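This report refers to the structure that appears directly beneath it.
A note on names: the letters A, B, ... follow the listed sequences, proteins ahead of strands, and every chain is numbered from 1. Given the structure is predicted, the values throughout are model-derived calculations rather than measurements. Basis for what follows: all heavy atoms, side chains included, without hydrogens, waters or symmetry-related copies.
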Amino acid sequence: MSPFPRNQWYVAAYAHEVGRELFTRTVCGESVLLWRTEAGEVAAMADRCIHRRFPLSETPSRLVGDSVVCGYHGFTYGANGVCTAVPGQARVPRTARLNTYPVKEQDSFVWVWIGERDKADETLIPRSPWLDSPRYTTVCGMEPLAARYGLLVDNLLDLSHETYLHGGYIGTPEVAETPITTEVDEAAGVVHVSRHMDDAECPPFYAKSTGITGRITRWQDIEYHAPCLYLLHSRIAPVGAPGPNADGSDLHAFHVEVVYAITPETEHSTHDFWAVARDFALEDQEVSDFLRENNRTVVLQDVAALDKLEQVIASESAGAQELSINIDTGGLAARRLLKRLTEAGSEARGTNERQSLAVS
Amino acid sequence: MSMSRPAPSAMLTGDAVYRVVWVPGTDRLRGWCWCGTSYEAEGPVELWQWLLAHPDNHVDGSAGRGSNLPLRPASRLPHRPRDLRGDEPSHERQP
Ligand code: FES
Ligand SMILES: [Fe+2]
Ligand SMILES: [Zn+2]
């Protein structure tokens, strides 16, 4: 069975990473070649030449106009993956084409579909519109994680760890102390975890960026769209400030939209995309620099912990015991969703393989 | 509605949403199946087991140890800037 949910959309890159250079990233064990056509469209295809498997992202492979030329023997491919030229002969074998991936550029991400292409439906891609909205300013990055993606899902679904792992940055005692409410929409594949702190210490991350000096009401509302997109709606306001209005306006609070894309690279490694979008101090470069540095530090604290945890788990037998408590309510729900999606994706693949065997 | 729905109010709006709250002042959890039946448990493992098994009981209507409550109304977090894709501003702060 595939260790990942197949027939799903995954973030392969930030839009700004993909340009007129050949770019590669491994998603769910598949090496994907990404580049932009002269018209600016993103092309996504297998990063392995069909001739002798040379990686097309590797020099001296290169982009010539809207064609990729393999650096080994010169097989040439268009944006649709079809091979248009081979060396030394006029006839190009009829079946010569690279596998391409359904791809969609949206909300500053490049999404690729991993699975059966006829099932790819762009409307299923979850949204994070803050990231390229003019009403927000965003800082972002990506850290390689040497741990299975499930460990990052566990980590992000339970923010009580902020108090311990990120004390002095984003953690304060109230995070771990405040009860959570959890909701799960099984059909939609969404887990929501909510923690509303009425009267909390303001951690440096928010004190320095918002300028609030006193205590705060701090709301953390997590929306996890399995498998790849994680949204943390963070609302910060001075204690006593009026709450949001029924129409959705919320004039007295600062809003930070923290977005993660959790993309499995291999069974034991993950691309940890993180972005922080704010609706205040939009033009303030100092605030941007501070949030970028501070959030990256926090992400790296998680990376260090999860890299270590991966080593431990990989060395243990599968049945090693864990103990779940109330804070794990959302994490357990996410695990279950992922298990179900993984099984569904593998079943579909099994059926397809059997069908193609029957045909051939 | 009554004390059965502690803050924060319901967030997801699908037809079949499970909801779990931390019972105020205790270490216990109370969960609601999407049919409105609820169950209280010591921890999340026991609670999820019960909730996920619950649709099996829907046919004969007997809900074991649970109690029946009306389905919660659909609502979403008021501060959530979900309309960003449109043009109308969602929350601009007063100067
Ligand atoms: S490996 Fe690419 S042309 Fe030979
Ligand atoms: Fe963390
Ligand atoms: Zn039920």
Drop me the distance from [X]'s [atom1] to [Y]'s [atom2], to the nearest 0.5 angstrom.
X	Y	atom1	atom2	answer
Leu52(B)	Arg340(A)	CG	CZ	10.0 Å
Ser324(A)	Leu47(B)	OG	CG	12.5 Å
Glu42(B)	Ile325(A)	CD	CD1	12.0 Å

Step-by-step side-chain contact (heavy atoms from CB on, under 4.5 Å) determination, Val184(A) to Trp48(B): CA-CA 11 Å; Val184(A) 179; Trp48(B) 281 124; 3.4 Å; yes
Close side-chain approach of Val45(B) and Leu332(A), heavy atoms under 4.5 Å: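 The answer is yes; the side chains approach within 4.5 Å.
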Validation row: His192(A), Val17(B) side chains within 4.5 angstrom (heavy atoms):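 Sidechains of Val17(B) and His192(A): no contact.
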More than 12 heavy atoms of other groups within 6.0 Å of Glu316(A) CD: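 It does: Glu316(A) CD has more than 12 such atoms within range.
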Sidechain-backbone polar pair: Glu183(A) side chain, Arg19(B) backbone, donor-acceptor under 3.5 Å: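 No, Glu183(A) side chain to Arg19(B) backbone: no donor-acceptor pair under 3.5 Å.
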Interface residue of largest heavy-atom contact number with chain B, from Thr329(A), Ile327(A), Asn326(A), under 4.5 Å: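 Going by pairs under 4.5 Å, I would pick Asn326(A).
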Under 4.5 Å from a heavy atom of chain B, the part of Ile180(A) involved: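 For Ile180(A), the contact with chain B is made by backbone and side chain together.
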Where Pro179(A) and Trp22(B) come nearest, the two heavy atoms and their spacing: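 Minimum heavy-atom separation between Pro179(A) and Trp22(B): CA-CE3, 3.2 Å.
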